[in-house]
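Only one structure is covered here, and it is reproduced in the block below.
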Amino acid sequence: MLDIKLIRENPDLVRNNLERRKKPKFLNMLDQVIAVDEQWRQLKSEEDLLRQKRNELTTSIKQLKKDGKSDQIPTVIAEAKKIPDQIKELEKKREQTKKHRDALLLQIPNLLHESVPYGEDDEGNVTVETWGEQPSFHFEPLSHVDLVESLQLADIERAAKTSGARFYFLQDDLVSLELAIIQHAQHLLRKRGYRLIIPPTLVKGFVMEGGGFLPTYRDDVYKIEDEDLFLVGTSEAPLVGMHADEILYEDDFPLRYAGFSTCFRTEAGAHGKDTKGIFRTHHFEKIEQISLTSPDQSWKEHEYLFETAELFWQSLKIPYRKVNICTGDLGIVASKKFDLEGWYPSQETYRELVSTSNCTDYQTRRLKIRYREKDGMPTQIAHSLNSTLIAIERGLTCILENYQQEDGSVKVPDVLQKYTDFSEIIGQKKKKKE
RNA sequence: GCCGAGGUGGCCCAGCCUGGCACGGCGCGAGACUGGAAAUCUCGUGAGACUUCGGUCUCACAGGAGUUCAAAUCUCCUCCUCGGCGCCA
C-alpha cells in the first residue's frame, strides 16, 4: 500500500511512476483515491467541528455545576443532546469513505525502482548475467515429466484420483532428494545469517492483505470456508506478518528468516500451462528467504538475498541466468524483482526457479512493521524483501533434467550425496531386478 | 474446556469502586548551566485533520456494541496474555 500522504502531497511523482506501467486502470484508481480522500478529509473536518462543539458544551455543564448554576444545565443538555446523532451519522459516512479509499489504495501497485525495464510481459525481462555451462548430451535429453514417470518418482495418476489435477504423490528417491535439499539448504542459510522458521501455513485475512496477496490476487489463493483463514501461497505471508504491529530496533536489522513450508496455489490463471509432472502444482514445498531492514539498506539487501539464491544454485551446479523483471511481469507488490532462471535442456530454455523482490515499504506500511534506531527515537517504516531459495518440487525438475544420463538414470548432485545413501537414481523397476 | 488475574503511549505504571480534558517514572529530543561533559533544572515526547506555519482542533486506555450532555471508568459481547485444573498427538 502506498502512503496516502505521499499521494496527497506529491501526486505527480506517484502518477509519473504509475505511468511507466502503461496501464490506464492504475491512473484511474489514483484519481479516484485522490477524490475520495478529499471527501474523507472534508467529512473528518465536519466531524471534528461537531465534536469540538460537544466537548465545549460538556465542559460548560461541568463548569455550571461547579459554579452552582444548576438551573441553567437543562438548557445546555437539551442542546448537547442533538449532537451525538449527527456525529454518528457523519462518522458512518466517513468510515465508509475511508473503506472505499483504502480498498482503492490496496489495489494501486508499489512504486517502481528506476532500473525496472518497461515490457508488456515476460518477453520484456532483461537478462543481467548468465552462470554455468549448459550440459551437452550425446543423446536426446528427456523432459522432467518423462524422467519422473520413467523412474517412477511421483504418482500423478493416483494423486488425480485423490485430489485432482496438479497434485502428486512424491516417491522414494525423489523424497530422499527433497530431504537432502532441505538438509543442504539449512547449512547454507545458517551460515548466511538466517533464522530457520517453520511458519503457520494458514493465516488471517489481514496478513494476506498486508502482504499484498489480497485483494488483487484473490483468485490465486485458497480460503478456508466460514473462517477468516487462507492457505498460504508462500511462507512470505506468515513470515512478514509475523512482525505486524511491532516496533523493531535498527540494530537487529537485517532480520533474515528462512521459512520452510508447504505452499498452496490455485493456479487459476495458468490453465493449460505446464499441466504435466510436478513443475506447476497446487501444493509444493518451498524454502523462502525474507528480510526486514531499513530503507537505506534494502537495495543492498536485495542483492544479498539474490546472492544467497545464487550460491545455492551454484552449489548444485545448475546453469542459470539472472533476469531483471520488467514492468508488465512485476506484479503490484515488488518495487523491483530479479528472477533466477534455471536451464532446462529438454526445452532448451531457462525457466523461473527463484524470484527476489524488494517490496520496500509496501507490505510493511499496511502491516505496521516499524523500527527505531533506539528507545525513544522516532519510528520509521521498515522495508521487507523476499526471495525463493528453492521451490523444491520445481527445483527437482531442473535437477532431474540437468543430471540425467544416457541410460535413463539421474546422478545425484555432489553436494547432496552426503545426505542421500545413493549417488544415482535408477528407478524402482531396476532396483527390483538387481 | 473450566476457574481466577490481567490487557492504559516505545517500555514500566497510577487512575476504574464514586463517569467530567490520561498521573508519574524510564527512554529519547530541545534548551539552560559548563572550558567540555556528568549531574541538575525547564520544555517537549502517539495518530489524524486544518493552518495565515504562530498555532487550532479531533482522536487514542486490547477490539466492538450499548447507557450518558459526557466513558479508561458503568453494562454486554469478542479477542489475547498469564496462573491453576482438565483433556490431548
Side-chain angles (χ1 to χ4, degrees), chain A residues 1-11 33-102 104-105 198-210 224 226-230 238 241-253 255 262 292 294 361 364-382:
Chain A
M1 186 174 78
L2 294 183
D3 186 359
I4 185 68
K5 268 193 194 163
L6 180 73
I7 292 175
R8 251 179 231 153
E9 288 162 16
N10 224 331
V33 163
I34 291 171
V36 176
D37 181 55
E38 181 68 35
Q39 258 180 56
W40 176 84
R41 284 187 290 164
Q42 179 65 39
L43 289 166
K44 162 93 173 139
S45 293
E46 285 176 39
E47 197 186 314
D48 280 358
L49 267 164
L50 266 178
R51 282 182 199 275
Q52 183 185 355
K53 197 174 165 199
R54 184 201 62 188
N55 289 346
E56 278 165 8
L57 290 173
T58 292
T59 321
S60 76
I61 290 170
K62 188 186 160 195
Q63 191 59 41
L64 287 172
K65 244 188 207 173
K66 214 170 149 192
D67 296 346
K69 299 178 183 166
S70 301
D71 50 320
Q72 293 174 30
I73 291 176
T75 337
V76 184
I77 288 184
E79 195 182 346
K81 261 192 174 171
K82 296 177 206 156
I83 298 180
D85 286 344
Q86 295 176 45
I87 291 179
K88 259 183 206 163
E89 204 177 308
L90 272 173
E91 199 176 21
K92 215 168 133 191
K93 255 195 232 166
R94 195 201 56 184
E95 262 162 28
Q96 279 170 359
T97 311
K98 186 165 189 289
K99 254 189 199 162
H100 185 197
R101 186 192 78 187
D102 289 347
L104 286 162
L105 204 51
I198 294 181
T201 46
L202 291 165
V203 298
K204 296 178 183 177
F206 85 90
V207 174
M208 293 301 272
E209 209 172 84
I224 304 298
D226 299 328
E227 291 194 60
D228 178 35
L229 281 174
F230 296 81
M242 198 172 164
H243 287 295
D245 279 315
E246 290 184 23
I247 297 174
L248 306 164
Y249 292 99
E250 190 169 17
D251 283 351
D252 297 329
F253 286 163
L255 218 51
T262 303
L292 296 173
S294 61
D361 57 5
T364 43
R365 172 170 299 107
R366 187 75 189 170
L367 290 168
K368 297 197 188 84
I369 303 176
R370 293 152 298 167
Y371 74 97
R372 60 171 94 239
E373 224 174 280
K374 50 183 171 167
D375 275 334
M377 301 281 277
T379 60
Q380 283 180 270
I381 296 175

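On a predicted model such as this, the values are computed, not experimentally measured, just so you know. Note on naming: letters A, B, ... go to the chains in the order of the sequence lines (proteins, then strands), and numbering restarts at 1 for each one.
Atom P of B:C59 sits at a distance of 26 Å from the matching atom of B:C43, rounded to the whole Å. Rounded to whole Å, the separation between the C1' atoms of B:A47 and B:A37 comes to 37 Å. Comparing the C1' positions of B:G64 and B:C13 gives an interatomic distance of 26 Å, to the nearest angstrom. Look at the P atom in both B:G86 and B:U75: the space between them is 33 Å, to the nearest Å. With both ends at atom P, the span from B:C11 to B:A89 equals 39 Å, rounded to whole Å. With C1' as the reference atom, B:U56 and B:U51 are 8 Å apart, rounded to whole Å. Separation of the P atoms belonging to B:G10 and B:G66 is 28 Å when rounded to the nearest angstrom. A distance of about 14 Å separates the P atoms of B:C74 and B:A5, rounded to the whole Å.
Salt-bridge formation is not detected for the pair A:Arg41/A:Glu46: no Lys NZ or Arg NE/NH1/NH2 atom is positioned less than 4.0 Å from an Asp or Glu carboxylate oxygen. In summary, A:Lys82 and A:Glu79 do not engage in a salt bridge, as defined by a charged side-chain N under 4.0 Å from a carboxylate O. Using a 4.0 Å cut-off between charged side-chain N and carboxylate O, A:Arg366 and A:Glu209 make a salt bridge. Using a 4.0 Å cut-off between a side-chain N of Lys or Arg and a carboxylate O of Asp or Glu, A:Glu95 and A:Lys99 do not qualify as a salt bridge. No salt bridge links A:Asp228 with A:Lys204; every basic N to acidic carboxylate O contact stays at or beyond 4.0 Å.
Heavy-atom neighbours of A:Glu89 CD from other residues, nucleotides or ligands within 6.0 Å: at or below the threshold of 12.
RNA chain B is contacted by both A:Lys204 and A:Asp48; A:Asp48 maps to the nucleotide lying nearer its 5′ end (nearest heavy atom per residue). Where A:Arg54 and A:Arg370 meet RNA chain B, the nucleotide closest to each residue was compared, and A:Arg370 sits on the side nearer the 5' end.
In this structure, A:Tyr249 has its ring center no closer than 6.0 Å to that of A:Tyr371.
With a glycosidic angle no further than 90° from 0, B:G54 counts as syn.
Per the geometry, CD belonging to A:Gln63 stands 12 Å off P belonging to B:C21, to the nearest Å. Going from atom CG of A:Leu49 over to atom P of B:U51 covers 12 Å, rounded to whole Å. Going from atom CG of A:Leu50 over to atom C1' of B:C50 covers 15 Å, rounded to whole Å. Here B:U68 presents its P atom at 7 Å from NZ of A:Lys81, a figure rounded to the nearest Å. Separating the NZ atom of A:Lys88 from the P atom of B:A71 is a distance of 10 Å, rounded to the nearest angstrom. Atom CD1 of A:Ile61 is separated from atom C1' of B:C21 by 15 Å (rounded to the nearest Å). Atom-to-atom, CD1 of A:Ile87 to C1' of B:U68 comes out at 13 Å; the value is rounded to the nearest Å. Computed from coordinates, the A:Leu43 CG to B:U58 P distance equals 18 Å when rounded to whole Å.
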Could you walk me through whether A:Glu246 and A:Arg370 satisfy the salt bridge (Lys or Arg N to Asp or Glu O under 4.0 Å) test, starting with their C-alpha distance in whole Å, then the side-chain angles of each, then the deciding distance to 0.1 Å, before giving a yes or no?
CA-CA 6 Å; A:Glu246 290 184 23; A:Arg370 293 152 298 167; over 6 Å; no
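Using a 4.0 Å heavy-atom distance criterion, A:Lys368 is classed as making no nucleic acid contact. In this structure, A:Pro378 reaches neither bases nor backbone, as no heavy-atom distance under 4.0 Å exists between it and the strands shown.
Side-chain nitrogen and oxygen atoms of A:Asn55 include none within less than 4.0 Å of the OP1 or OP2 phosphate oxygen of B:C57. Dashed line: the shortest gap from a side-chain N or O of A:Arg51 to OP1 or OP2 of B:C59 is under 4.0 Å. At the phosphate of B:A70, neither OP1 nor OP2 sits under 4.0 Å from any side-chain N or O atom of A:Lys65.
Taking only side-chain atoms of A:Lys5, from C-beta outward, the nucleotide of B:G48, B:G20, B:C28 with the closest atom is B:G48. Nearest to the side-chain atoms of A:Thr58 among the listed nucleotides B:G48, B:C50, B:G20 stands B:G20. In the set B:A70, B:C50, B:C28, B:A70 carries the atom at the smallest distance from any side-chain atom of A:Pro84. With B:C69, B:C50, B:U58 as the choices, the nucleotide that has an atom nearest any side-chain atom of A:Ala80 turns out to be B:C69.
Of the inter-residue distances, the one linking A:Ile247 atom CD1 with A:Gln380 atom CD reads 12.0 Å to the nearest 0.5 angstrom.
Counting only Watson-Crick and G-U wobble pairs whose two key distances fall under 3.5 Å, RNA chain B forms stems of three or more stacked pairs at B:1-7 with B:79-85, B:10-12 with B:24-26, B:27-32 with B:40-45, B:46-50 with B:55-59, B:62-66 with B:74-78.
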